[in-house]
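These notes are about the structure you will find just below.
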Protein chains: 2
Amino acid sequence: MKKVALKTIAKELGVSIATVSRALSGKPGVSDRLREQIVNTAKRLGYQPNIAATALRIGKSTTIGVLIPELSGSFFAEIVSSMEKVLSDAGYRVILCSTEDNPSKEAEHLQTLINLNVEGILSAPVGMKSNKQLYRRIIEDLKLPVVFFDRIVEGIEADNVVTDSKEGMRLLMDYLISKGHHKIGIIHPLKETSTGAERLKTFLEYKDKIKIRREWIKDGGSFEVGGYESFIEIMKLKEKPTALIIGNNLMTLGALKAIKRLKIKIPDDISIVSFDDASWNEIFDPPITCVSQDPYQIGLISASILLDKLKAKRKTTREKMRVVLKVKFIERRSVKKI
Amino acid sequence: MKKVALKTIAKELGVSIATVSRALSGKPGVSDRLREQIVNTAKRLGYQPNIAATALRIGKSTTIGVLIPELSGSFFAEIVSSMEKVLSDAGYRVILCSTEDNPSKEAEHLQTLINLNVEGILSAPVGMKSNKQLYRRIIEDLKLPVVFFDRIVEGIEADNVVTDSKEGMRLLMDYLISKGHHKIGIIHPLKETSTGAERLKTFLEYKDKIKIRREWIKDGGSFEVGGYESFIEIMKLKEKPTALIIGNNLMTLGALKAIKRLKIKIPDDISIVSFDDASWNEIFDPPITCVSQDPYQIGLISASILLDKLKAKRKTTREKMRVVLKVKFIERRSVKKI
DNA sequence: CTGAAAGCGCTAACAG
DNA sequence: CTGTTAGCGCTTTCAG
């Protein structure tokens with residue numbers, strides 16, 4: 001079975017390649033009868049357009065690059081899942097790149113995406129500062145639409161969709177304080193990320209209202225293992241906080257495993273709350289109080305914004321969109337009143 | 001900033017495009033001095049090869065298509081995660097397609113992948129029968145390497161990496177029986193999938209050893225909602241089984257949520273075991289006994305096999321590899337001895 | 001060792 | 001309404 005190109009079906013019908021191209025791509029300038037004939041034989045022969053050729057010719061690839069730190073936790077998996085739905089329904093293909101929060105991997109992947117002529121990029125950037133130049137080049141020189149989600153890069157003008165970390169942290173802190181806690185610790189996400197920095201910063205803003213100690217503040221590095229280890233370290237301390245904020249869902253999972261392992265009683269031994277919800281929060285005994293973001297929404301909105309940019313490309317650079325999603329506070333039973 | 005192609009750097013140095021191409025792609029036939037010069041100016045100008053052009057010329061795209069039913073559960077997310085690592089390290093790009101267990105979506109995505117000239121496909125096919133023709137065409141006519149993982153298509157000769165569902169089910173059943181259960185129910189995965197069919201079939205093989213009733217067998221459709229609803233239906237029955245097997249991790253999550261909601265006591269009210277492990281199994285109280293597959297391994301192995309095929313392409317079609325991964329039985333505390 | 005030239009499959013002027 | 005032609009950027013003979 002040899003490949004069937006435009007030429008094949010042009011020969012078959014004794015017409016020119018151009019006509020076939022026009023007919024098949026729905027462009028005007030072909031008589032209805034001929035068009036129908038062409039469409040039919042195309043179908044009969046099982047014609048499949050060669051995307052690489054079109055991409056080369058047009059300079060477009062109908063492909064979108066999606067950059068994420070990791071996929072194994074549910075958070076980014078859900079985001080990617082909704083992005084993929086939106087984009088593939090719109091006729092775009094999704095190239096998935098995971099950075100593992102490693103700036104040089106991020107750079108590499110961005111390069112590849114550029115070479116591939118992707119039409120747009122959805123990125124949860126590794127750091128607030130890392131690869132700033134590269135992103136700037138992509139946006140300003142290459143004029144590729146980029147939408148940041150979950151995290152942002154400092155000083156880069158781009159659309160972004162993030163969750164209100166400040167509000168989320170405040171809800172958590174105020175709740176803990178209202179329950180009588182004034183010795184509070186935190187396991188925050190990697191502080192090089194905008195989310196990590198923001199959550200930590202908001203936490204520190206409470207330093208006059210509550211008692212904070214150095215040892216109660218841990219950078220959990222965003223992943224499960226960091227949550228696990230940081231939690232254990234904190235529980236080893238002589239003077240422990242009475243409540244602990246865990247700064248994302250993967251680290252919360254790690255902490256929950258540590259809790260099981262150490263047979264710690266929540267909330268009697270220590271109260272905990274989580275930034276992010278996840279299945280395990282609900283399932284755990286006691287269920288974990290948290291603020292939740294909606295990853296499905298994040299993916300949906302980011303992808304939609306990108307699609308919109310793509311359509312509106314000819315227009316002068318519009319205002320950048322900055323969507324800040326509200327968190328939802330979910331009270332469960334992991335905090336003790338003291 | 002205009003684009004820099006081979007032509008740009010050829011002009012810059014007053015040499016021919018062909019030479020530049022040879023120099024940059026490490027082909028012989030360029031003097032060392034010239035080559036070095038070319039490489040340098042290429043770097044200086046920030047040359048980036050246009051992948052579409054190469055793809056068109058060579059008929060290869062260094063791109064792999066990955067087809068999965070869904071991404072929001074941890075199982076496939078982990079698989080994809082490890083595939084992405086392996087493939088991107090080997091210089092391939094990953095196109096992600098989610099089928100939502102819908103055969104026509106699967107077909108659509110496969111078509112797209114073909115048009116894109118992907119060099120290989122990693123697929124967890126929707127059904128044992130659906131799209132059989134298409135897969136056959138891809139493998140036999142297009143000669144594209146395809147590796148099925150987790151699930152297979154009946155009667156298609158292709159490499160595959162699956163978990164031993166039969167052994168897994170037996171471990172679960174024998175364990176339950178050894179604990180004195182002889183009234184056992186099952187919520188199995190979508191029976192159109194090979195995993196669903198195999199697990200159900202193995203379950204039914206026990207029909208002489210234990211008591212099985214129609215109403216104790218539910219097709220949970222593989223997703224969380226199905227696990228949730230099926231579990232509730234079973235608990236409404238007048239005559240209930242004493243133990244229940246839940247056939248994958250997402251459905252187990254659904255069931256666990258139902259259990260919480262209905263305030264059912266495990267294992268006093270009913271014993272449960274799960275095919276697949278997941279974070280929530282470990283975290284739940286009591287922790288759930290299960291057989292576990294290693295999604296990370298599945299991804300790793302499948303991707304490696306594909307890579308191997310890609311390298312060995314010229315050779316005559318070798319034996320198809322059929323990897324069957326063993327499950328691991330993990331006893332926890334969700335089964336009561338009766 | 002280097003260059004000229006052809007062509008991958010497709011689109012888009014430009015002619016007729 | 002249809003055909004001819006010229007490339008998109010790259011690789012690869014074939015000459016020199």
Polar side-chain atom of [X] near backbone of [Y] as donor-acceptor pair, under 3.5 Å:
X         : Y         : result
Lys143(B) : Glu140(B) : yes
Asp159(A) : Met321(A) : yes
Arg93(A)  : Leu96(B)  : no
Arg35(A)  : Val20(A)  : no
Glu106(B) : Pro125(B) : no

Within the pair [X] and [N], is there a side-chain N or O less than 4.0 Å away from OP1 or OP2?
X        : N      : value
Ser16(A) : dT4(D) : no
Ser21(B) : dG9(D) : no
Ser31(A) : dC1(D) : no
Lys7(A)  : dG9(C) : no

Side chain of Arg22(B): nearest nucleotide among dC10(C), dA5(C), dC14(D)?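 Nearest to the side chain of Arg22(B) among the choices is dC14(D).
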By nearest atom, which of the nucleotides dG3(D), dG3(C), dT2(D) is closest to the Ala18(B) side chain? dG3(C)
Rounding to a whole Å, what distance do you find between [X]:[atom1] and [N]:[atom2]?
X         : N       : atom1 : atom2 : value
Lys11(A)  : dG9(C)  : NZ    : P     : 11 Å
Asn117(B) : dC10(C) : CG    : P     : 10 Å
Lys27(B)  : dT13(D) : NZ    : P     : 10 Å
Arg35(B)  : dG3(C)  : CZ    : C1'   : 16 Å
Leu6(B)   : dT2(C)  : CG    : P     : 16 Å
Leu13(A)  : dG3(D)  : CG    : C1'   : 15 Å
Gln37(B)  : dC1(C)  : CD    : C1'   : 14 Å
Asp32(A)  : dT2(D)  : CG    : C1'   : 14 Å

What's [X] touching, base or sugar-phosphate or nothing? Going by heavy atoms closer than 4.0 Å.
X        : result
Ile17(B) : base
Ala5(B)  : sugar-phosphate
Ile58(A) : sugar-phosphate
Pro49(B) : sugar-phosphate

Select from Gly14(B) and Ala53(B) the residue whose nearest nucleotide in DNA chain C is closer to the 5' end of that strand.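 Of the two residues, Gly14(B) wins.
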For Val30(B) and for Leu56(B), find the nucleotide of DNA chain C with the closest heavy atom, then tell me which residue's nucleotide is more 5'.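 Going by which nucleotide is closer to the 5' end, it is Val30(B).
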